[in-house]
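Following: one structure in structure tokens, then a few remarks.
Since this is a predicted model, take the numbers as computed values, not measurements.
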Amino acid sequence: MYKIIDGKAISEKIKEEIAEEVKLMVASGKRAPHLAVVIVGHDGGSETYVAHKVKSCLQVGFKSTKVTFEEDVPEAELLAKIDEMNHDETLDGFIVQLPLPKHISEQKVIEAIDYRKDVDGFHPVNVGRMIIGLPCYVSATPSGIVELLKRYEIPTAGKNCVVIGRSNIVGKPVAALMMQKGYPGDATVTVCHSRTKNMKEICLQADIIIAALGRPEFLTGDMVKNGAAIIDVGTTRVPSTKTKTGFRLCGDVKFDEVAPKCSFITPVPGGVGPMTIVSLLKNTLLAAKKEIY
Ligand SMILES: NC(=O)c1ccc[n+]([C@@H]2O[C@H](COP(=O)([O-])OP(=O)(O)OC[C@H]3O[C@@H](n4cnc5c(N)ncnc54)[C@H](OP(=O)(O)O)[C@@H]3O)[C@@H](O)[C@H]2O)c1
């Protein structure tokens, strides 16, 4: 019988742990951690994510600031604001919600953020330090995934781990974490992408599959060996007649086929998603405590 990895429950537990630490900090005379979130334009998805981030900050006792810009803000104006935030000593960390409008270079924006305040962990300094195993801000989704493996005590040493997807925000960093020395790591990692041949044969060798490709129900039952642990990162909005919004979130795993074969599986929603915000809170707490830089 498979076990559901309950990301929602774990994330609530971690939020309680963070809230407890914040209480102690404040009781000892320190100020509460402060996270700022910058949003450009009015993309529905981004506005929802930002609202969740702000709400989660309040839940754990952080101060949060939302900085909004219109869709047509010049790149220079956004970069000037980032520079100001880099020097704002009342701010422990900040993020710029992606994606950005086409006229703004995301890479320029990421690199403009002081890596010591880059709690999204996207700055090349943090990515580089993560790869060589130095303390850093690990980006939220990969960090949430390994936290789930840890909390469910899923063995990783010497296991075959297949990551499907090689994006900079999920596939590549999670592959790097899974091959890192120590737990949860020490896995033998294979990374698949759109050019990979014989995906099914590769997946059938896997003890752990991390599906992060954004193709609804891509991973089917015939691609999974008995007893594998499955992490479904995918969140694609698909039309639904059963929800008020007319959409539902669909993962990259065909749950009904895969679940009966595996040992552990994350649901969508309620698996990796809730962990992502919690990882951002954890990074902000680390920033406030100056534990890394
Ligand atoms: N739950 C969360 O908190 C969270 C956070 C982030 C992302 N997500 C979700 O995770 C999914 C992936 O996100 P992302 O940002 O990493 O996506 P992305 O940037 O679009 O990258 C997708 C990756 O999957 C690969 N791919 C696409 N189709 C494939 C196929 N048919 N076979 C094998 N590989 C294929 C692509 O290969 P190429 O490189 O060859 O193009 C690419 O490397 C999306 O559904 C996203 O919404 C969820």
Using the side-chain contact (heavy atoms from CB on, under 4.5 Å) rule, take L78 and V40 through it: C-alpha gap first, then chi angles, then the decisive distance, then the call.
CA-CA 9 Å; L78 179 61; V40 180; 4.2 Å; yes
Could you tell me whether [X] and [Y] make a salt bridge, using a distance below 4.0 angstrom between a side-chain N and a carboxylate O?
X	Y	result
D6	K8	no
E17	R151	yes
E16	K13	no
R31	D92	yes

Following the transitive rule for hydrophobic clusters with a side-chain heavy-atom cut-off under 4.5 Å over Ile, Leu, Val, Met, Phe, Trp and Tyr, establish whether [X] and [Y] coincide in one cluster.
X	Y	value
V224	I164	yes
V37	V109	no
I265	V170	no
F255	L249	no
I277	V50	no

Taking atom [atom1] of [X] and atom [atom2] of [Y], what is their separation to the nearest 0.5 Å?
X	Y	atom1	atom2	answer
I10	I5	CD1	CD1	9.0 Å
K200	L219	NZ	CG	11.5 Å
E77	I82	CD	CD1	11.5 Å
C262	I208	SG	CD1	12.0 Å
K197	C192	NZ	SG	12.5 Å
D120	N126	CG	CG	10.0 Å

Hey, is the main chain of [Y] close enough, under 3.5 Å, to the side chain of [X] for a donor-acceptor pair?
X	Y	result
N283	Y137	no
S279	A140	yes
D186	G158	no
T196	M199	no
S263	Y2	no
K261	G221	yes

Side-chain heavy-atom pair [X], [Y] within 4.5 angstrom cut-off:
X	Y	result
Q59	E12	yes
F264	L149	no
H87	D83	yes
L148	I145	no
M178	P142	no
L280	T276	no
E75	K108	yes
C57	K63	no

Of the non-hydrogen atoms in [X] and [Y], which two are nearest, and what is the gap between them?
X	Y	value
R129	C136	CB-CB, 3.8 Å
V268	C250	CG1-C, 4.0 Å
C203	M223	CB-O, 3.1 Å
V127	G121	CG2-O, 3.7 Å
S143	L177	N-CD1, 4.3 Å
L91	K117	O-NZ, 3.1 Å

Tell me, which pairs form a side chain to side chain donor-acceptor pair (under 3.5 Å) where one or both residues lie in [range], sequence neighbours left out?
range	result
residues 36-45	H42-E47, H42-E70, D43-S46
residues 215-232	D207-K225, T220-D222
residues 152-163	none

Report the C-alpha distance between N86 and F94 in whole Å, list the side-chain angles of each, state the deciding distance to 0.1 Å, and finish with yes or no for side-chain contact (heavy atoms from CB on, under 4.5 Å).
CA-CA 9 Å; N86 282 340; F94 65 97; 3.3 Å; yes
Set of side-chain contact (heavy atoms from CB on, under 4.5 Å) partners for T90, sequence neighbours left out:
H34, D88
Worked verdict on I169 versus S139 for side-chain contact (heavy atoms from CB on, under 4.5 Å)
CA-CA 7 Å; I169 63 163; S139 62; 5.6 Å; no
Under the side chain to side chain contact (heavy atoms under 4.5 Å, CB included) test against V38, which residue among M85, Q97, K81 passes?
M85
Side chain to side chain donor-acceptor pair (under 3.5 Å) against K282, all qualifying residues, sequence neighbours excluded
E147
Sorted by chain and number, sequence neighbours left out, side chain to side chain donor-acceptor pair (under 3.5 Å) with N168 holds for K172
Counting only heavy atoms not in H52 (residues, nucleotides, ligands), do more than 12 fall under 6.0 Å from its NE2?
no
More than 12 heavy atoms of other residues, nucleotides or ligands under 6.0 Å from NZ of K289: is that the case?
yes
Any donor-acceptor pair under 3.5 Å linking the side-chain atoms of Q205 with those of E201?
no
Check whether the ring centres of Y293 and Y115 lie less than 6.0 Å apart, and answer yes or no.
yes
For side-chain contact (heavy atoms from CB on, under 4.5 Å), just list the numbers for I95 and V119, CA-CA rounded to whole Å, side-chain angles, deciding distance to a tenth of an Å, and then say yes or no.
CA-CA 7 Å; I95 65 165; V119 285; 3.7 Å; yes
